[in-house]
Amino acid sequence: MENGNYKVVRLDFSNLKPSSGIFEFRKALTDFLIDSFRSVGFSYDKEGTSVFSQLSRWLKTIPPCTLVLLIVDYDFPLTYSMSNEKLYRDVGYVLSEFYALLKSNDGAFRFLLITGVTDFRQTCLLNDLNHLTDLKRLSQGSLLGVSSDDLVRGFDDCLTQPSETVPTKNNNI
């Protein structure tokens with residue numbers, strides 16, 4: 001923690017499209033992680049071990065609970081590759097390695113927020129992060145001062161059936 005602020009790393013996985021194959025995806029992920037964690041003090045040695053190994057070792061050296069990690073669209077590379085079974089499986093394996101790294105170094109994180117389309121509890125991708133709290137399943141309390149009741153009251157007009165709010169397509173065109 002510096003000057004009362006935590007170090008923050010934001011990973012937006014929506015930019016990681018595995019369209020060129022698993023080797024290119026692994027390289028893109030590696031470069032992405034190196035660039036993203038560099039801003040908080042991580043230094044990658046090209047002559048050393050894998051980025052996952054080096055990142056894990058580095059996370060063990062930082063003071064406990066000093067890093068905030070925000071992962072946006074954690075499952076995008078998987079959903080992007082769903083039409084190719086082998087690529088889907090390979091991408092899942094690579095991402096699982098990364099999420100296992102996070103689990104084994106969870107003491108370094110003050111806060112970890114993961115967003116995505118799929119429910120992480122229904123994927124094998126985050127099995128190693130089985131201690132996470134799913135915020136949308138919280139029935140009491142609030143996140144950032146907004147409770148479920150506040151959302152319903154404040155957005156009641158917007159929470160109607162889609163068929164009532166979205167105009168139907170005119171098939172006569």
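Numbers here simply count residues along the sequence, with the first being 1.
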I need the Asp90 CG to Phe23 CZ distance, nearest 0.5 Å. 8.0 Å

Would Val94 and Phe25 satisfy side-chain contact (heavy atoms from CB on, under 4.5 Å), going step by step from the backbone distance to the final call? CA-CA 9 Å; Val94 171; Phe25 172 72; 3.9 Å; yes

Ser50 (side chain) donor-acceptor with Ser53 (main chain) under 3.5 angstrom: yes

So, does Ser36 use its side chain to make a donor-acceptor pair with the main chain of Leu33 at under 3.5 Å? no

Between NZ of Lys7 and OG1 of Thr66, what distance do you get to the nearest 0.5 Å? 6.5 Å

Looking at NZ of Lys103 and CG of Asp106, how far apart are the two atoms once the value is rounded to the nearest 0.5 Å? 6.0 Å

What's the separation between atom CD1 in Ile22 and atom NZ in Lys27, rounded to the nearest 0.5 Å? 14.5 Å

When every non-hydrogen atom of Asp73 is compared with those of Ser14, the smallest separation belongs to OD2-CB, 3.3 Å

Can you find a pair of side-chain heavy atoms, one from Arg38 and one from Asp35, that are under 4.5 Å apart? yes

As an exercise, state the distance from CG of Leu87 to CE of Met82, rounded to the nearest 0.5 Å. 12.5 Å

So which heavy atom on Pro18 is nearest to which on Ser81, and how close? CG-CB, 4.0 Å

Taking the side chain as every heavy atom from C-beta outward, state whether Asp12 and Phe76 have any atom pair closer than 4.5 Å. no

Quick one: does any side-chain atom of Ser56 pair with a main-chain N or O of Leu101 as donor and acceptor, under 3.5 Å? no

Spell out, as yes or no, whether a donor-acceptor pair under 3.5 Å connects the side chain of Gln54 to the backbone of Tyr44. no

Are Val91 and Phe13 co-members of a hydrophobic cluster defined by side-chain heavy atoms under 4.5 Å apart? yes

Exactly one of Leu67, Val68, Leu69 should register a side-chain contact (heavy atoms from CB on, under 4.5 Å) with Phe111. Which one does? Val68

Linking I/L/V/M/F/W/Y whenever their side-chain heavy atoms sit closer than 4.5 Å, directly or via other members, would Ile114 and Leu16 fall into one cluster? yes

Gap separating the CZ atom of Phe37 from the CH2 atom of Trp58, nearest 0.5 angstrom: 6.5 Å

Asn105 side chain to Ala108 main-chain N or O, any donor-acceptor pair under 3.5 Å? no

Give the ring-plane orientation class for Phe52 versus Phe98, where under 30° counts as parallel, over 60° as perpendicular and anything between as tilted. tilted

Compare all side-chain heavy atoms of Leu112 with those of Ile71 and state whether any distance is below 4.5 angstrom. yes

What verdict does the side-chain contact (heavy atoms from CB on, under 4.5 Å) test give for Tyr80 and Ser19, after you've listed the backbone C-alpha separation in whole Å, the side-chain angles of each residue and the deciding distance to 0.1 Å? CA-CA 8 Å; Tyr80 186 86; Ser19 54; 3.6 Å; yes

Cationic N near anionic O, under 4.0 Å, Glu24 to Lys17: no

Student check: side-chain heavy atoms of Val51 and Ile34 closer than 4.5 Å: yes

Can you get from Phe109 to Val72 by hopping between Ile, Leu, Val, Met, Phe, Trp and Tyr side chains that sit under 4.5 Å apart? no

